[in-house]
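These notes concern the structure reproduced below.
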Amino acid sequence: MALVVASVLAAGALAPAASARPAPVSPSPPASSYDRAVPPLTDDRGRTLTLRGWNVEDKANRGENALSAITERHFRDLRANGFNFARLLVFWDDLEPRRGQYSARYLHKIERILDWARKHRVHVLIDAHQDVFGPAFGHRGIPEWATRTDGLPFTPNPDDWFSEYFQPAVQRAFTHLYEDPDLQRAQAAMWQVLADRFGRHPAVIGYDLINEPMGELREGEDLPTAARRIEAEHLTPMYNRLARAVRAKDRDTWIFVEPTPIVGEGVPTGLGRIKDNRTVYAPHFYNTAMEAGADYDPDAGWIEAYEAAVTAYPARHRMPVVVGEWGPLNNALPNMGRFYREAVASLNRYSSGWAGYVWCYGGGYCAVDERGRFRTNKEQTATPYAPAVAGTVRSDTYDAGTRTYRLAYRAAARPGVTELSLPPAPRGWRVTVTGPAHVLGASLRGAWPVVLARPGGEVVVTVREAGPYGRTDHP
């Protein structure tokens, strides 16, 4: 057993490189405590992966100053708080400011960020972000040279920026992006540049092909009907087209696809089949009323409706789920403590992970304040979990009331390492294992505890906040 540990640690099993290359999704549904057919995310060793973290962004700076607000501190602090995942926002208008001319400076800045993530062992999802299409409408995303409006009007609404998606010029710009052959080729070429440059970087676990895609409503259509049509007729062919382009440069890295944002209201997606067996469904988890400033209403049934809607598509198409954005703006309202408890519990039932919005140091949506302390209720996102499980997960639960995490799994037929993430706690954590397994303190600086199990054995790992002296059962 000691020989196995030594060889696994020497091979870098605890580094993102071991988890950044997927294994094809198994055709049989995994055993789980919630009896769904949504398969788990896996690595090249077949381990079940869990990603938990936050979005990392710099929307304020562009050109020569692009990405300058992102520093190594982001990734150091993410790891120190138990997170292993960052969704990195990149912008096409910065990457290709003039058609066919890609910014070497921008690519270098992305690579520097990925190097920080690798150093602190954080997986990165590269997200091609857009807000209200792009700079032609005062936002970021698709370049102005790729924006076609047919002369339709656009009226800015700074008090409600999301409403600008429904301006005629913005909607027409999406239609041209989806339908014009030259823009299709340009978008595919942009993704090939990213995949060719970063596909072999050990921190990169996936590519999010476009953030919160929207489209053009037809006369007489309500929003759910329009969303399902746009997803079926525009997004599905676009995702298949971009997946083919990425695979020409990178055959292994996960591809993440999003529905339209209306899924946040519990509306099932109209997306069709994505013809790639390394695809992740990546919806966002926002509620319109809460985004407008309302408190969480526990009796409205929103979380339950969202969970039912968001799991139908990946169950049918055998795709893992990773929620790419979530978290309200007004996190200190009276019911927000309950929201965070119920939201985290729901996300953990069906998804392979999530990225909150957003890891920054200040107010608003920021996860932490200027000193790096969690803002009200957001500390509930930092709980024990298993980033990688070498076996088939039977159950995986966290009880916020008792501060107890419990993982039950059947160890794989081959020796492997199960990793545990234990966020900071005032008195530490106590880890106990039952079954043919034991806990080891990893020998690498900053590494989390690991569990070694006899192949094929049934293992139960229990993590509880330690007693008054902070004693734990691992070094």
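Using bins of under 30°, 30° to 60° and over 60° for the plane-to-plane angle, the ring pair Tyr313/Tyr281 lands in the tilted bin. Between Phe374 and Phe83, the ring-plane angle classifies as perpendicular under the 30° and 60° cut-offs. Below 30°, between 30° and 60°, or above 60°: for His139 and Trp161 the angle between ring planes is between 30° and 60°, a tilted geometry.
At least one test fails for Arg394 against the ring of Tyr409: distance under 6.0 Å to the centre or angle within 45° of the axis.
The stretch residues 307-338 participates, sequence neighbours left out, in no disulfide (SG to SG under 2.5 Å) pair at all. Listed by first and then second residue, the salt bridge (Lys or Arg N to Asp or Glu O under 4.0 Å) pairs that reach into residues 289-305 come to none, sequence neighbours excluded. Among pairs with a residue in residues 333-344, those fulfilling salt bridge (Lys or Arg N to Asp or Glu O under 4.0 Å) read Arg338-Glu342, at least two apart in sequence or across chains. Judged as a salt bridge (Lys or Arg N to Asp or Glu O under 4.0 Å), the pairs with a partner in residues 359-373 (not counting sequence neighbours) are, in order, Asp369-Arg373.
Partners of Arg62 under the salt bridge (Lys or Arg N to Asp or Glu O under 4.0 Å) rule, at least two apart in sequence or in another chain, are Asp93. Remark: Arg406 pairs with no residue by the salt bridge (Lys or Arg N to Asp or Glu O under 4.0 Å) rule, at least two apart or across chains. The side chain to side chain donor-acceptor pair (under 3.5 Å) test applied to Trp92 returns Glu96, not counting sequence neighbours. Every residue two or more places apart in sequence or in another chain that forms a side chain to side chain donor-acceptor pair (under 3.5 Å) with Lys119 is listed here: Glu72. Take Glu379 and apply the salt bridge (Lys or Arg N to Asp or Glu O under 4.0 Å) test, not counting sequence neighbours, and it matches no residue. When the salt bridge (Lys or Arg N to Asp or Glu O under 4.0 Å) test is applied to Arg316, no partner is found at least two apart in sequence or on another chain. Scanning for ring-ring contact (aromatic ring centres under 6.0 Å, His included) contacts around Tyr365 gives Tyr357, with sequence neighbours left out.
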With a cut-off of 3.5 Å and sequence neighbours excluded, list every side-chain donor-acceptor pair involving residues 320-331.
| unit_1 | atom_1 | unit_2 | atom_2 | d |
| --- | --- | --- | --- | --- |
| Glu325 | OE1 | Tyr286 | OH | 2.7 |
| Glu325 | OE2 | Arg87 | NH1 | 2.8 |
| Asn331 | ND2 | Thr376 | O | 2.5 |

